[in-house]
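For reference, the structure is listed below as structure tokens.
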There are 2 protein chains.
Amino acid sequence: MQVMKIEDEIKQPTFRDAYQKAYINLLYTAGWLEQRQAAAFKPFGVTLPQFNILRILRGQHPKPATVNLLIERMLDKTSNASRIVDKLESKALVTRKVCPSNRRAVDIRITDAGLELLSQMDVAMAQNPTGLQHLSEEEAAQLSVLLDKIRG
Amino acid sequence: MQVMKIEDEIKQPTFRDAYQKAYINLLYTAGWLEQRQAAAFKPFGVTLPQFNILRILRGQHPKPATVNLLIERMLDKTSNASRIVDKLESKALVTRKVCPSNRRAVDIRITDAGLELLSQMDVAMAQNPTGLQHLSEEEAAQLSVLLDKIRG
DNA sequence: GGACATTAAATGTATGTACATATATTTGCA
DNA sequence: TGCAAATATATGTACATACATTTAATGTCC
């Protein structure tokens, strides 16, 4: 399907100003990207947040991670890492064990099955462009600068 | 709180390339903006999707809207307009009535209470900048161009 | 040592998203 | 007419977010 301009996507013919247009465009485009990524993940039976946690765990491997560490590294700090780990544990992609040195904490580790799944997903994702490839390297860098400014 | 660069926000010191950095930055910034907006809405007892639907209904007022029309104009097409309207109805911000000319459809209208709430929120939002004001008008326009390219 | 705060994680509840399915109404066509 | 397809909305289920509360373990300070 041909991608449409933002005006057409949400049937809003005009915007108040360039700021409003950029704002709506930003939220819309982020949702568009997330939806595409979720679709790419679906055959593998994991959701985007689950995938993100698996990647953090692979980064730590073979060291364990705690829930706290997961939250620190997640894009969305307020999401519920505990329950996402629940789902991964029920699929045997991670293990959960009380940390011996601090029994309040929980050592979470990615399993061999989890590592295997991630490596399959790496291949699939390399073949499934994000949309960013439509930008030049300079444009991508420029985009990051603008985004940093928004939050700054 | 001082806003951090994306590298610090998610404790990832380096990115593979400008594309990966822009991608993560885009998703992160959109979440950041949504969270701020949700926080601004909280005192008014409505969520962001509820607010968006109220605004569409105000745009139609005094004509009714159907669920279909709401979905057409929403940023997120796959969200469940029916249930969001449920919540608004239970707060007496909208009314729902079977459409006389097509009894499959439902006429949804914003109530006086809904209009009043929106006008209060307009004032609050005017005082609560989105973050986009950190950009110049040219930068905002440039951002839209880059975002359109991503989806194109 | 013991009361109290702090920390780490889990749980509860309301809301929303994503997607499949169900229900009711209308349309179209043999 | 009558029956299948299309349309409009609602409902069911799994998952996630947002935020408050709970539970358990550890620190701290007197």
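Quick caveat: nothing in here was measured; it's all calculated off a predicted structure. Note: hydrogens, waters and symmetry copies are ignored here, and every other heavy atom, side chains too, is used. Throughout, a chain's letter reflects where its sequence line sits, starting with A, and its residues are numbered from 1.
Judged by distance alone, with hydrogens and angles left aside, the side-chain atoms of K91(B) form a donor-acceptor pair with the main-chain N or O of G45(B) at under 3.5 Å. Looking at T66(B), its side chain never comes within 3.5 Å of a backbone N or O of D107(B) through a donor-acceptor pair. Checking side-chain atoms of S90(A) against main-chain N and O of K87(A) turns up a donor-acceptor pair under 3.5 Å.
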- Query: Could you walk me through whether Q50(A) and F41(A) pass the side chain to side chain contact (heavy atoms under 4.5 Å, CB included) check?
  - Reply: CA-CA 10 Å; Q50(A) 289 171 13; F41(A) 288 172; over 6 Å; no
- Message: Please determine whether side chain to side chain contact (heavy atoms under 4.5 Å, CB included) holds for the pair V85(A) and V106(A), giving the CA-CA distance in whole Å, both sets of side-chain angles, and the decisive distance to 0.1 Å.
- Response: CA-CA 11 Å; V85(A) 172; V106(A) 173; over 6 Å; no
- Message: I'd like to know whether L26(B) forms a side chain to side chain contact (heavy atoms under 4.5 Å, CB included) with L147(B), so could you lay out the CA-CA distance, the side-chain angles of the two residues, the decisive distance to 0.1 Å, and finally the verdict.
- Response: CA-CA 10 Å; L26(B) 176 52; L147(B) 294 169; 3.9 Å; yes
- Verify side chain to side chain contact (heavy atoms under 4.5 Å, CB included) between I56(A) and L69(A), making sure each step is shown before the conclusion. CA-CA 9 Å; I56(A) 296 169; L69(A) 185 142; 4.0 Å; yes
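Proximity of residues 49-61 of chain A to DNA chain D (heavy atom under 4.0 angstrom from any strand atom) is restricted to P49(A), Q50(A). Proximity of residues 35-48 of chain B to DNA chain C (heavy atom under 4.0 angstrom from any strand atom) is restricted to T47(B). Using a 4.0 Å cutoff on non-hydrogen atoms, the parts of residues 79-95 of chain A near DNA chain C are N80(A), S82(A), R83(A), ordered by number.
The CD1-P distance, from I108(A) to dA8(C), rounds to 13 Å in whole Å. As a whole-Å value, the separation of W32(A) CH2 from dA18(C) C1' is 18 Å. Put simply, CG on D107(A) is 13 Å from P on dA8(C), counting in whole angstrom units. Remark: P of dA18(C) and CE of M74(B) are 10 Å apart, rounded to the nearest angstrom. The nearest whole Å value for the distance from the CD1 atom in I71(B) to the C1' atom in dT9(D) is 9 Å. Rounded to whole Å, the distance from CD on E34(A) to P on dA18(C) is 8 Å.
Annotation: the span from Y23(A) atom OH to L143(B) atom CG amounts to 12.5 Å, rounded to 0.5 Å. For the atom pair OG1 (T130(B)) and CH2 (W32(B)), the distance works out to 8.5 Å, reported to the nearest 0.5 Å. Atom OG1 of T111(A) is separated from atom CZ of R109(A) by 12.0 Å, given to the nearest 0.5 angstrom.
Under 4.0 angstrom from either OP1 or OP2 of dA6(D) there lies no side-chain N or O belonging to R104(B). Close to dA9(C), at under 4.0 Å from its OP1 or OP2, lies a side-chain N or O of N68(A). Applying the 4.0 Å criterion to OP1 and OP2 of dT25(C), one finds that R103(B) has a side-chain N or O inside that range.
The side chain to side chain contact (heavy atoms under 4.5 Å, CB included) test with L117(B) is passed by exactly one of L93(B), D122(B), I110(B): L93(B).
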